[in-house]
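First the proteins, then the strands, lettered A, B, ... as listed; each starts at 1.
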Amino acid sequence: NAGVMQNPRHLVRRRGQEARLRCSPMKGHSHVYWYRQLPEEGLKFMVYLQKENIIDESGMPKERFSAEFPKEGPSILRIQQVVRGDSAAYFCASSSGTGTLNTEAFFGQGTRLTVV
Amino acid sequence: GQQLNQSPQSMFIQEGEDVSMNCTSSSIFNTWLWYKQEPGEGPVLLIALYKAGELTSNGRLTAQFGITRKDSFLNISASIPSDVGIYFCSGAGSYQLTFGKGTKLSVIP
């Protein structure tokens, strides 16, 4: 899973600021998934993107959260006007989109967001 | 929504002992996955199960996909200190993974 690169690894934001989390998928992968993990919890699905398209954002809060995966560059998860409840670890996974999508998904090391 | 119940929540075992943990679901899944997560890291896939009743091994790890497609177990034989971590079961749809809350494993040397 070292191939999926997320940055920053740690991010501290004050309430009301914006957080931008980046994910570069593994080489050759065009499918990206974002998950959120609260302390002592499992990962929760947020959004699934392919290049320039959002396929499923059913797990993402309707307000303040957005995600994109442009033609060039990393996928971005953007959280506007952060609140303390947004503090969590955010994981990105990527897959090639061929074969069994889910079992070919590799996770990054995550970005740990702390809102103070 | 879909929920996975994973047990036990935590385990303390002596090095060399065997470990068993399981996962049950209120929904049917077509694929079950077991992941291990170490502190500060992302989940790493250990075993994937694709068919009901399937029993699959990966070194000292063995996992089975329940016949009802609503449960799975993971066994670790002859535990070693590096087995420490949190083990997550996950039920998979076509692309979305549903995770349990994890079993935290501690191995006493």
Side-chain angles (χ1 to χ4, degrees), chain A residues 1-10 21 23-26 29-50 53-60 88-112, chain B residues 1-10 21-27 29-51 54 56 58 63 65 69 72 74 85-106:
Chain A
N1 66 350
V4 178
M5 303 302 294
Q6 288 188 249
N7 69 82
R9 291 290 305 274
H10 300 273
L21 288 63
C23 170
S24 295
M26 284 182 69
H29 285 187
S30 59
H31 298 244
V32 165
Y33 318 82
W34 285 93
Y35 286 79
R36 177 164 65 175
Q37 185 179 33
L38 295 171
E40 310 296 320
E41 298 283 328
L43 283 72
K44 296 281 196 297
F45 170 80
M46 297 181 74
V47 61
Y48 165 37
L49 309 103
Q50 295 178 21
N53 288 305
I54 296 174
I55 307 302
D56 181 353
E57 55 182 350
S58 59
M60 202 149 70
Y90 292 84
F91 290 96
C92 167
S94 74
S95 71
S96 64
T98 59
T100 306
L101 293 181
N102 45 59
T103 60
E104 294 177 351
F106 295 88
F107 283 86
Q109 292 179 303
T111 292
R112 277 135 190 94
Chain B
Q2 296 170 325
Q3 289 187 340
L4 296 186
N5 296 308
Q6 203 171 335
S7 65
Q9 287 186 338
S10 62
M21 58 190 79
N22 64 73
C23 196
T24 59
S25 169
S26 57
S27 305
F29 288 103
N30 292 323
T31 302
W32 280 88
L33 308 167
W34 284 91
Y35 287 87
K36 180 186 178 186
Q37 186 178 29
E38 297 184 16
E41 300 293 328
V44 175
L45 182 64
L46 299 173
I47 290 182
L49 302 156
Y50 300 100
K51 293 193 302 186
E54 179 182 356
T56 298
N58 177 10
F65 190 159
R69 293 197 285 158
S72 177
L74 174 71
I86 303 177
Y87 292 80
F88 290 98
C89 63
S90 176
S94 59
Y95 55 78
Q96 187 177 136
L97 302 178
T98 301
F99 284 83
K101 291 190 176 183
T103 293
K104 187 174 182 179
L105 179 63
S106 300

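Among all heavy-atom pairs drawn from Gly42(B) and Phe91(A), the shortest one is CA-CE2, 3.3 Å. Nearest approach of Arg112(A) to Gly40(B), heavy atoms of both residues: NH2-C, 3.3 Å.
With sequence neighbours left out, the ring-ring contact (aromatic ring centres under 6.0 Å, His included) criterion links Phe88(B) to no other residue. Applying the side-chain hydrogen bond (donor to acceptor under 3.5 Å, both in side chains) criterion to Gln9(B), with sequence neighbours excluded, gives no partner residue.
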Discussion item. side-chain contact (heavy atoms from CB on, under 4.5 Å) for Phe45(A) and Phe99(B)? Distances and angles first, verdict last.
Written reply: CA-CA 9 Å; Phe45(A) 170 80; Phe99(B) 284 83; over 6 Å; no
Practice prompt. Dump the intermediate steps for side-chain contact (heavy atoms from CB on, under 4.5 Å) on Glu40(A) and Lys104(B), then the final yes or no.
Written response: CA-CA 10 Å; Glu40(A) 310 296 320; Lys104(B) 187 174 182 179; 5.7 Å; no
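Between Tyr35(A) and Leu97(B), the closest side-chain pair of non-hydrogen atoms falls below 4.5 Å.
We find the CD-CZ distance between Glu41(B) and Phe107(A) to be 13.5 Å, quoted to the nearest 0.5 Å. A distance of 10.0 Å separates CG in Leu38(A) from NZ in Lys101(B), rounded to the nearest 0.5 Å.
Using a 4.5 Å cut-off between heavy atoms, Gln6(A) does not touch chain B at all.
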